[in-house]
Amino acid sequence: MNSKRFLIQLRYLGFRYHGVQKQPGLQSVQGRVEETLKKSLKEMPLQTRFSSRTDALVSSLESYCLLMCEKEAALEMIEHALAKLPPDIEVLSVKKVADDYILLKHSGEKEYHYYFCFNQKNFHPFSSAFMTHIREELDIELMKKGAALFSGEHDFKNYAHKLKDSVDSRRKIVSSTLERNEVLVASFFPVPSYVFKVRGAGFMRGQVRAMMGALFRLGKGELTLPELKRSLEQEDATFVKWLAPSSGLILQSTEIK
């Protein structure tokens, strides 16, 4: 697309959206952004590309959107249009970039946080938008050891959702830790709660949720540390892949080079 391009930094609460990517008949972050822009920019042809395609209910504290307009548009015009977005999508900054700017080439490491608690007798329903509640008891210390195993370069084929043959399943995890949650707090959150933090240059579809699912199984005694380690070394048709619920996942940060 021969276009004028703008880089939009934004964050959003994903609770009302069926993910980022546009899908027919479903509310999405991309769909809402484009719909809002088109209302203000009238019939100006435009397209958007996002730095990450988060799943339904997943939120983000830092994402990027590349807006491509076929006609010349002033920065002030774009900012005015984006100001009309709903309050669960907040624009942090907008800047004009080169006409040949490609978002994928400038995207760097991403960090995801997954929030959860367990065995809570009075789990406040408001918390369900931000964290997952596991009803069973979990061995947190064992889960911390399991999280550490993800660090480094591994083959995550056992953790990919609907992996295409053309996709390389080897990924490098820069850091992977599980700790008590002191980051996201609210009066209605259970105490204690925990957060799984994982950072890397690229993640496959469903990978972080599958990693969290493996840690939940480890904490419940359904998986051992040697089995978890083995799942990162070779494809295992018997490995039970469980995608943890999406509502506990937040894209914490996105690096733009």
Side-chain angles (χ1 to χ4, degrees), residues 1 3-97 101-104 106-107 110-115 125-132 161-162 184 186 203-209 243 245-256:
M1 185 178 183
S3 58
K4 303 302 176 184
R5 304 187 176 202
F6 299 85
L7 185 64
I8 304 166
Q9 183 189 30
L10 70 164
R11 58 187 176 190
Y12 53 84
L13 177 66
F15 194 68
R16 294 197 305 163
Y17 298 100
H18 201 84
V20 163
Q21 190 174 10
K22 286 191 298 184
Q23 300 179 61
L26 297 172
Q27 286 282 355
S28 69
V29 176
Q30 183 182 31
R32 181 50 64 91
V33 168
E34 290 190 1
E35 177 186 318
T36 301
L37 286 167
K38 288 176 180 177
K39 282 182 179 179
S40 294
L41 303 179
K42 306 305 180 185
E43 299 303 319
M44 180 184 292
L46 58 85
Q47 294 180 17
T48 61
R49 296 286 186 273
F50 277 73
S51 55
S52 299
R53 293 183 177 181
T54 51
D55 294 338
L57 305 181
V58 175
S59 300
S60 174
L61 288 176
E62 184 184 25
S63 290
Y64 289 86
C65 168
L66 181 64
L67 168 63
M68 298 167 284
C69 303
E70 282 192 8
K71 299 179 181 179
E72 187 69 51
L75 178 61
E76 294 78 10
M77 185 187 303
I78 301 299
E79 291 175 330
H80 179 73
L82 291 169
K84 298 178 182 179
L85 281 166
D88 53 8
I89 303 176
E90 180 187 8
V91 172
L92 301 173
S93 67
V94 185
K95 68 177 181 179
K96 195 174 187 305
V97 292
Y101 186 96
I102 298 176
L103 185 54
L104 183 62
H106 291 81
S107 296
K110 298 180 178 68
E111 182 169 327
Y112 285 91
H113 288 187
Y114 193 103
Y115 295 88
F126 288 4
S127 300
S128 62
F130 304 98
M131 67 176 60
T132 292
H161 182 58
K162 296 182 179 179
L184 193 66
F203 296 90
M204 295 176 289
R205 181 182 178 187
Q207 181 182 336
V208 177
R209 290 171 59 197
L243 295 183
S246 56
S247 57
L249 184 59
I250 293 179
L251 175 55
Q252 182 72 14
S253 64
T254 302
E255 178 186 41
I256 294 295

Just by modelled atom types, is the Glu62 backbone N or O under 3.5 Å from a matching donor or acceptor in the Thr254 side chain? yes

Could you pull out all residues at least two apart from His113 that satisfy side chain to side chain donor-acceptor pair (under 3.5 Å)? Glu111, Tyr115, Gln252

In short, salt bridge (Lys or Arg N to Asp or Glu O under 4.0 Å) pairs touching residues 47-59 with sequence neighbours left out are Asp55-Arg209

Apply salt bridge (Lys or Arg N to Asp or Glu O under 4.0 Å) to Arg16 and list each qualifying residue two or more places apart in sequence or on a separate chain. Asp88

Using salt bridge (Lys or Arg N to Asp or Glu O under 4.0 Å) as the criterion, list what pairs up with Arg11, not counting sequence neighbours. Glu90

With sequence neighbours left out, what residues match Phe203 under ring-ring contact (aromatic ring centres under 6.0 Å, His included)? Tyr112

Taking salt bridge (Lys or Arg N to Asp or Glu O under 4.0 Å) as the definition, give me every residue that meets it alongside Glu255, ordered by chain and number, with sequence neighbours left out. none

Derivation of the side chain to side chain contact (heavy atoms under 4.5 Å, CB included) call for Leu92 and Tyr64: CA-CA 10 Å; Leu92 301 173; Tyr64 289 86; over 6 Å; no

Listed by chain and number, what are the salt bridge (Lys or Arg N to Asp or Glu O under 4.0 Å) partners of Lys39, not counting sequence neighbours? Glu35

Output for pair (Ile8 CD1, Leu37 CG), nearest 0.5 Å, gives 6.0 Å

Just one of Leu75, Thr48, Leu46 clears the side-chain contact (heavy atoms from CB on, under 4.5 Å) bar with Phe6, so which one? Leu75

Between Ala56 and Ser246, which heavy-atom pair has the shortest distance, and what is it? O-OG, 2.8 Å

Looking only at non-hydrogen atoms, find the nearest pair between Tyr101 and Leu66 and report the distance. O-CD2, 3.5 Å

Check Leu251 against Ser52 and note the closest heavy-atom contact, atom names and distance. CD2-OG, 3.6 Å

side-chain contact (heavy atoms from CB on, under 4.5 Å) involving Ala186 - partner list, sequence neighbours excluded: Phe188, Phe189

Pairwise distance NZ(Lys110) to OG(Ser63) - rounded to 0.5 angstrom: 8.5 Å

Minimal non-hydrogen separation, Leu57 against Phe15, with atom names: CD2-O, 3.2 Å

One should read off an interatomic distance between Met77 CE and Met44 CE, to the nearest 0.5 angstrom, of 5.5 Å

Could you pull out all residues at least two apart from Lys95 that satisfy side-chain contact (heavy atoms from CB on, under 4.5 Å)? Leu7, Val97

With sequence neighbours left out, what residues match Ser28 under side-chain contact (heavy atoms from CB on, under 4.5 Å)? Lys22, Gln30

Can you find a heavy atom in the side chain of Ser107 that is under 4.5 Å from one in the side chain of Ile256? yes

Report, one line per pair, each donor and acceptor closer than 3.5 Å where one atom sits in a side chain of residues 78-86; sequence neighbours left out.
none

Would you compute the distance between atom CZ of Phe50 and atom CG of Leu67 and round it to the nearest 0.5 angstrom? 9.5 Å

Min side-chain heavy-atom separation Leu184-Ile250 under 4.5 Å: yes

Report the distance from atom CE of Met68 to atom CD1 of Ile102, rounding to the nearest 0.5 Å. 10.0 Å

Could you list the residues that satisfy side chain to side chain donor-acceptor pair (under 3.5 Å) with Gln27, not counting sequence neighbours? Arg32

Between Thr132 and Tyr114, is a side chain to side chain donor-acceptor pair (under 3.5 Å) present by the stated rule, with each step listed? CA-CA 8 Å; Thr132 292; Tyr114 193 103; 2.7 Å; yes

How many angstroms lie between OH in Tyr12 and OG in Ser59, if you round to the nearest 0.5 Å? 7.5 Å

